[in-house]
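Quick notes on the structure that follows.
Worth knowing before you read on, the calculation uses all heavy atoms, side chains too, and leaves out hydrogens, waters and symmetry mates. All values reported here derive from a predicted model rather than from experimental measurement. The residues of the chain are indexed from 1 along the displayed sequence.
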Amino acid sequence: MQLLTVRYIQLKRELRSLGIIYTMLLVCMYALLVYFTYRGYSASINGALICTAIMSALCYTIHITRADKTFVYTHLTQPRKQFYLEYSVLIFPFAITSMFTSHWYFFFLLIGIIACVPYVTFSVKQHTYLKNISRIIPSYNFECISGFRKSFVTLLPIYAFALGVSWFKIAPLVFLFILSTSISAMYAECEPLHILAIGNLSPRAFLRKKLRSHSLLLVLLFLPVLVINTFFNTDYWFINLFFMGTQLALLCLAITLKYTMYAPNKNLSANSIILGIVSAGCVIPFLLPIPALMALRYYKKAKQNLTHYLYD
């Protein structure tokens with residue numbers, strides 16, 4: 001239960017920083033995701049399979065990429081049980097909806113799959129690739145440079161799949177969404193103070209430059225896939241445009257959330273709780289305003305926090 005206790009404390013702290021209004025928006029988004037999961041389970045057996053596969057893949061991906069496994073195995077009792085309880089609590093509100101449909105047996109199937117995940121010993125190795133990538137990406141975008149160097153082997157196949165199926169209607173957006181969530185996770189570590197202070201910018205100028213340059217990189221990365229997709233599916237141009245706006249809002253949220261919590265060399269892995277819920281909600285089109293509004297709120301808080309580090 002130690003790991004669940006840590007997650008509870010982190011979540012409580014993050015929700016407290018959001019305030020009552022944005023906490024309620026986040027709760028509503030979470031409730032809508034649960035509802036759409038129920039609709040998926042009740043629609044057909046294919047829908048039930050897709051919901052089960054998504055939740056299984058989510059837990060598997062978290063497990064093989066998480067950076068705290070060494071700590072858990074070293075300091076916590078019954079580490080595999082700790083992982084299992086965490087994953088079970090994560091997917092339970094969604095999985096339990098299957099019990100109210102004719103596909104109720106998928107609940108037990110999913111629980112069985114999740115029970116096997118902690119026994120997976122494979123981990124994503126962090127290697128440094130593309131040592132000269134800073135010649136392409138400006139050094140100011142060091143989060144992207146570092147993230148792509150470390151996870152290039154993982155990110156390149158995802159982008160290749162997105163390009164490979166770019167003429168289909170929805171498939172490329174799924175791969176781009178996975179890529180977008182991986183990019184958002186790159187903002188979980190705070191740079192040293194001397195890197196933050198390069199350029200001697202005010203908090204407002206710093207944030208605007210950061211948001212503008214990183215948003216441009218995301219647009220340039222996604223644009224080839226979305227242009228090809230729009231060319232073959234002209235009636236989907238609005239969906240592609242809407243998708244791009246959603247991912248930009250999520251990116252801005254990740255950046256502003258980072259600098260709201262910024263302290264030199266601090267690890268902000270707890271931010272993944274909020275980003276995970278918001279990014280999952282981005283698959284529902286009419287929830288686009290929520291990440292945008294949250295990014296605006298955190299922008300103001302980030303400026304206030306950065307005054308402690310960027311003003312003499």
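Qualifying ring-ring contact (aromatic ring centres under 6.0 Å, His included) partners for Phe94, counting only residues two or more places apart in sequence or in other chains: Tyr30. With sequence neighbours left out, Tyr119 forms a ring-ring contact (aromatic ring centres under 6.0 Å, His included) with no residue at all. Ala57 is linked by a side-chain contact (heavy atoms from CB on, under 4.5 Å) to nothing, counting only residues two or more places apart in sequence or in another chain. Partners of Leu248 according to the side-chain contact (heavy atoms from CB on, under 4.5 Å) rule, which considers only residues two or more places apart in sequence or in another chain, are Ser215, Leu218, Val219, Met244. Partners of Lys81 according to the side-chain contact (heavy atoms from CB on, under 4.5 Å) rule, which considers only residues two or more places apart in sequence or in another chain, are Gln78, Leu85.
Side-chain N/O atoms of Tyr38 and Ser98 include no donor and acceptor closer than 3.5 Å. For the residue pair Lys303/Tyr259, the side-chain donor-acceptor check at 3.5 Å is not satisfied. A side-chain N or O of Tyr35 and one of Arg39 form a donor-acceptor pair less than 3.5 Å apart. For the residue pair His214/Tyr187, the side-chain donor-acceptor check at 3.5 Å is satisfied. In summary, the side chains of Ser166 and Asn229 do not present any donor paired with an acceptor at a separation below 3.5 Å, with no hydrogens or angles considered.
Pairs passing the salt bridge (charged side-chain N to carboxylate O under 4.0 Å, His left out) check and including a residue from residues 83-109, sequence neighbours excluded, read Arg7-Glu86, Arg66-Glu86.
The main-chain N or O of Leu257 is never found under 3.5 Å from a side-chain atom of Tyr299 such that the two would form a donor-acceptor pair. In terms of modelled atom types and a separation under 3.5 Å, the side chain of His103 and the main chain of Ser42 share no donor-acceptor contact. The main-chain N or O of Glu191 is found under 3.5 Å from a side-chain atom of Tyr262 such that the two form a donor-acceptor pair. Looking at Gln82, its side chain does come within 3.5 Å of a backbone N or O of Thr77 through a donor-acceptor pair. With Ser182 contributing its side chain and Ile178 its backbone, the two residues share a donor-acceptor pair below 3.5 Å. Counting only distance, with no hydrogens or angles, the side chain of Thr52 and the backbone of Ala48 share a donor-acceptor pair below 3.5 Å.
The shortest side-chain heavy-atom distance between Leu221 and Leu176 does not fall under the 4.5 Å cut-off. Contact of the Leu179 side chain with the Phe175 side chain is not registered, since no non-hydrogen atoms from C-beta on lie closer than 4.5 Å. Residues Phe177 and Thr246 fail the side-chain proximity criterion, which asks for heavy atoms closer than 4.5 Å. Between Thr97 and Val34, the closest side-chain pair of non-hydrogen atoms falls below 4.5 Å. Here the side chains of Tyr87 and Tyr60 are not in contact, with every heavy-atom distance at 4.5 Å or above. Residues Phe83 and Tyr73 are in side-chain contact: their nearest non-hydrogen atoms beyond the backbone lie under 4.5 Å apart. A heavy-atom distance below 4.5 Å is not found between the side chains of Arg208 and Leu211. Phe106 places none of its side-chain heavy atoms less than 4.5 Å from the side chain of Leu110.
Taking the six-membered ring where tryptophan is involved, the planes of Phe222 and Phe243 are essentially parallel, since the angle between them stays under 30° and well short of 60°.
Put simply, the residue from Leu201, Leu310, Leu306 that forms a side-chain contact (heavy atoms from CB on, under 4.5 Å) with Leu207 is Leu306.
Ion pairing of Glu143 with Lys258 is present here, as a side-chain N (NZ or NE/NH1/NH2) and a carboxylate O approach within less than 4.0 Å.
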Could you check Arg297 against Leu293 for side chain to side chain contact (heavy atoms under 4.5 Å, CB included), going step by step and ending with a plain yes or no?
CA-CA 6 Å; Arg297 175 182 173 83; Leu293 289 171; over 6 Å; no
Working note: Thr256 + Leu296, criterion side chain to side chain contact (heavy atoms under 4.5 Å, CB included); need CA distance, chi angles, decisive distance, verdict.
CA-CA 8 Å; Thr256 54; Leu296 181 62; over 6 Å; no
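The distance from atom CD1 of Ile91 to atom CD1 of Ile54, rounded to the nearest 0.5 Å, is 13.0 Å.
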